[in-house]
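One structure is given here, and the rest of the page talks about it.
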Amino acid sequence: MPEGFRDDLFEPDRKELGEGPVYRFALDRREWVAAMGAGLLVTAAGEVALSAGAAVAEIPPSTRLHLGEDGSITVLTGKVEVGQGSRTEIAQAAAEELCVAPEDLRVILADTSVTPNDGSTAGSRTTPSTVPVVRRACAAARELLLRTAADSWDLDPTKLRVDAGSVAHADERVSYAHLARSSRLTSTGDDAVPRRVPLTKVGDWKVLGRSALKVRSREIVTGAHRYPSDIVRPDMLYGCVLRPPSYGAELMSVDLAPATRLDAVAVRDGEFVGFAAKTSHEARNAMKACSETARWQSGPHPSSEELGTLLKARAQTSGGGRRGPRRRESGDVTAALARGTNLAHSYEIPYVQHAPMEPRAAVAEWDDSRLTVWTGTQRPFGVRDHLAEAFRLRPEAVRVIVPDTGGGFGGKHTGEVAIEAARLAKAAGKPVSLRWTRAEEFVWAYFRPAAAFEVRAALNGTRIVAWDFTAYNPGTAAIETPYAIPHVRTQYFPCDAPLREGSYRGIGATGNNFAREVFMDELAAAAGVDPLEFRLENLADERMKAVLRAAADRFGWPGTESFGPGLGTGIAAGFEKGSYIAICAEVRTTGGRVEVERLVSAFECGAILNPRNVQAQVEGCVIQGLGAALTEEIRFEGGRLLNGSFSRYRVPRFQDVPPMETVLLDRTDIDSAGAGETPIIAVAPALANAVFAATGERQRSLPLRLPRA
């Protein structure tokens, strides 16, 4: 940590109170800069502003970088850390352009009163979008410091070099801290401010392109790290919310008097009924007492057993816009289908939960008409705006701070827990901590959409000549085929779904790619061709071919010739979010169970920024994909969830993880893409195809189920 850095603004104080650390924080950007002291500020566009501490009249909301006169280096971004490594990657990116070690700078994430608005941490966009912006800001600062040093030495800037936080010439060296205090820097004219500074070339990388341990990894593994659910404020209460007994149930009446008699705060605001007390136990006792007086009106609700039929029956076939139905066609699919050898099948996927280790949590605190909320979300500025709307505040009066959070997987885009905590805090006149239980997370958090698919194609020998793909409800990610087919029709229908739906790791690509890649195997069998060779023959995309060959070579495809019955191998591939994945799987089918013996993944996402982290992202995706392929399925009936606990909804355990090998293809000639989502989309189809090879029976729905022997 650089000497003089005001750690207490963003980290736990040493003082303990109650169940966790007390957090102190600057109220706004101006106060933050005043606390940090004078120095150099650089904005997202590479524009440079000079800070004089509290005397600064206006601090741009796009501020990316602060170089302090005390030698501190602080990088700011609105992205969040939910375990995917964004903090580490951004630190590496800044360190590369500033020519310092990553541990010599500080990254501040996701504080809406301090950091710029970088949008959602979603869609694998941190790597291709935010990292380049951070690099440009740091490169601009580096060049300005270099020019300032050159001016003070009366030298040509090209004669100088930057190294380890200093500008050097021959044996002379001047530190960034000294330059940040330089009167020459503060008197620099606009004509000296660098614009469009070139970034460090891949071949010259010294920090990027190399593996780095995750920032704060020691705190995480030792339990010192404070997650959103660990935040404690002075005089804080603990809250809980009265939930409906079933989906769609409407609250008709409730008596809050029992809560008052138990010395708890109780509030009703429309359908919202919440409680706050000195301990979670007392708050839940108050809720239980009042729940006995609650009267609900429930209506009919379908069963998960009829999902596929239900979705097709509820398909939205008209309307437009981003969320309406979609149809795209190239060529003449109807005519091509009439000429070729046809094959058609249907597929289904169920609802699955994100099941993060940390359920939703928030701490809300009011200071007159200003609101501060600590919460775990992937959309800090979106949650800020929702809070402002809910309480009729200006967005500037709301501050959302996102501590590094215990998992998201696309499941923490919304801010319902933040609004609930803020309602309770407003009623109580004190800070309130609200933590969803595991049961609440299962029942009331949104799900990955269930979906149904109808796929039809025509073959002419070993080539696909027509492709007709219809998807009901999964979303449109990766819906277009990556294969080279002359006649293609793709249709998508959103549906009136029975459960709350939202983003998921890979979003619609998990379902769309499952249906497509299992069907590709069925086409290969119909053509009498090896599944790998069939894919390669129908591909024009060389990057997709490369990952298929890399996975097959490492795996030794097909690899089962010397094995006995019940053993099989499968292969699947996919493209999404600018990156490519191919997976080879070996399974053993015994006693009605699918046991995964081995997995080999080949992944390509352009130039790799941190190989260790990319490997972790691929393997994390694969493990999560194992759950969705083999065990995970939300079951419901009569408006109630039937398996809303980890004992009944099985996510992969350590014992379920097979031997895994990961091949990373480093394409330094291609811009970097994100790695957090794409690998998951090939897991389920690779396993389904392996099961067919082992049993001769096609699996066209998830999770994979075998008849018991």
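The figures that follow rest on heavy atoms only: side chains count, while hydrogens, waters and symmetry mates do not. Not measured: the values here are computed from a predicted model. Counting from 1, the numbers follow the sequence of the chain as shown.
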Can you check whether [X] reaches [Y] side chain to side chain, under 4.5 Å on heavy atoms?
X: Pro102; Y: Val207; result: yes
X: Pro116; Y: Leu76; result: yes
X: Val100; Y: Leu105; result: yes
X: Leu160; Y: Leu155; result: yes

Return yes if some donor-acceptor pair links the side-chain N/O of [X] with the main-chain N/O of [Y] below 3.5 Å, else return no.
X: Asn512; Y: Gly475; result: yes
X: Arg87; Y: Val107; result: yes
X: Glu542; Y: Ala546; result: no
X: Ser579; Y: Glu576; result: yes
X: Gln378; Y: Thr121; result: yes
X: Lys214; Y: Gly83; result: yes
X: Asp111; Y: Ile401; result: no
X: Lys79; Y: Ser120; result: yes
X: Ser152; Y: Ala149; result: yes
X: Thr88; Y: Val215; result: yes

Mind listing the closest non-hydrogen atom pair of [X] and [Y] along with its distance?
X: Leu371; Y: Leu393; answer: CB-CD1, 4.3 Å
X: Ala362; Y: Ala418; answer: CB-CA, 3.8 Å
X: His354; Y: Phe409; answer: CD2-O, 3.1 Å
X: Ser113; Y: Val398; answer: OG-O, 4.5 Å
X: Thr668; Y: Ala607; answer: CA-CB, 3.9 Å
X: Val82; Y: Gly408; answer: CB-N, 4.1 Å

Donor on one side chain, acceptor on other, [X] and [Y], under 3.5 Å:
X: Thr74; Y: Arg106; answer: no
X: Glu97; Y: Thr200; answer: yes
X: Glu358; Y: Thr405; answer: no
X: Arg125; Y: Ser129; answer: yes

Does Trp366 have its ring centroid less than 6.0 Å away from the ring centroid of Phe391?
-> yes
Evaluate the criterion side-chain contact (heavy atoms from CB on, under 4.5 Å) for residue pair Ile583 and Val600; output intermediate values, then yes/no.
-> CA-CA 6 Å; Ile583 294 179; Val600 173; over 6 Å; no
Member of Leu109, Asp404, Val131 meeting the side-chain contact (heavy atoms from CB on, under 4.5 Å) criterion with Ser86 | Leu109
Could you go step by step and tell me if Leu665 and Val547 meet the side-chain contact (heavy atoms from CB on, under 4.5 Å) rule?
-> CA-CA 8 Å; Leu665 282 64; Val547 292; 4.2 Å; yes
NZ/NE/NH1/NH2 to OD/OE distance under 4.0 Å, Arg543 and Glu604 = yes
Would you mind checking if Arg216 and Glu219 are paired as a salt bridge, meaning a charged N to carboxylate O distance below 4.0 Å?
-> no
Mind running side-chain hydrogen bond (donor to acceptor under 3.5 Å, both in side chains) on Asp118 and Thr77 for me, showing each step along the way?
-> CA-CA 7 Å; Asp118 287 314; Thr77 170; 2.5 Å; yes
Please report the C-alpha distance between Thr127 and Glu89 in whole Å, then the side-chain angles of each, then the deciding distance to 0.1 Å, and finally whether the side-chain hydrogen bond (donor to acceptor under 3.5 Å, both in side chains) criterion is met.
-> CA-CA 8 Å; Thr127 296; Glu89 183 175 89; 2.7 Å; yes
Determine whether more than 12 heavy atoms belonging to other residues, nucleotides or ligands lie under 6.0 Å from atom CG of Asp671.
-> no
State whether the number of non-hydrogen atoms from other residues, nucleotides or ligands found under 6.0 Å of Glu389 atom CD is greater than 12.
-> no
Apply side-chain contact (heavy atoms from CB on, under 4.5 Å) to the pair Val42 and Thr63, showing each step before the final yes or no.
-> CA-CA 6 Å; Val42 184; Thr63 297; over 6 Å; no
Stepwise, does the side-chain contact (heavy atoms from CB on, under 4.5 Å) test hold for Val114 with Arg399?
-> CA-CA 9 Å; Val114 173; Arg399 183 181 188 182; 3.8 Å; yes
Please report the C-alpha distance between Glu365 and Thr372 in whole Å, then the side-chain angles of each, then the deciding distance to 0.1 Å, and finally whether the side-chain hydrogen bond (donor to acceptor under 3.5 Å, both in side chains) criterion is met.
-> CA-CA 5 Å; Glu365 179 174 297; Thr372 300; 5.9 Å; no
Should the pair Arg360 and Tyr446 be classed as cation-pi, given the thresholds of under 6.0 Å to the six-membered ring centre and 45° from the axis?
-> yes
Output side-chain donor-acceptor pairs under 3.5 Å for residues 612-621, partner residues at least two apart or in another chain, one line each.
{"residue": "Asn613", "atom": "ND2", "partner": "Gln84", "partner atom": "O", "Å": "3.1"}
{"residue": "Gln615", "atom": "NE2", "partner": "Glu619", "partner atom": "OE2", "Å": "3.0"}
{"residue": "Glu619", "atom": "OE2", "partner": "Thr662", "partner atom": "OG1", "Å": "3.1"}

Let me have the donor-acceptor pairs involving side chains of residues 171-178, under 3.5 Å, with sequence neighbours excluded, atom names and distances please.
{"residue": "Arg173", "atom": "NH1", "partner": "Asp163", "partner atom": "O", "Å": "3.2"}
{"residue": "Ser175", "atom": "OG", "partner": "His178", "partner atom": "N", "Å": "3.0"}
{"residue": "Tyr176", "atom": "OH", "partner": "Leu98", "partner atom": "O", "Å": "2.6"}

Applying side-chain contact (heavy atoms from CB on, under 4.5 Å) to Ser503 and not counting sequence neighbours gives His413, Ile507
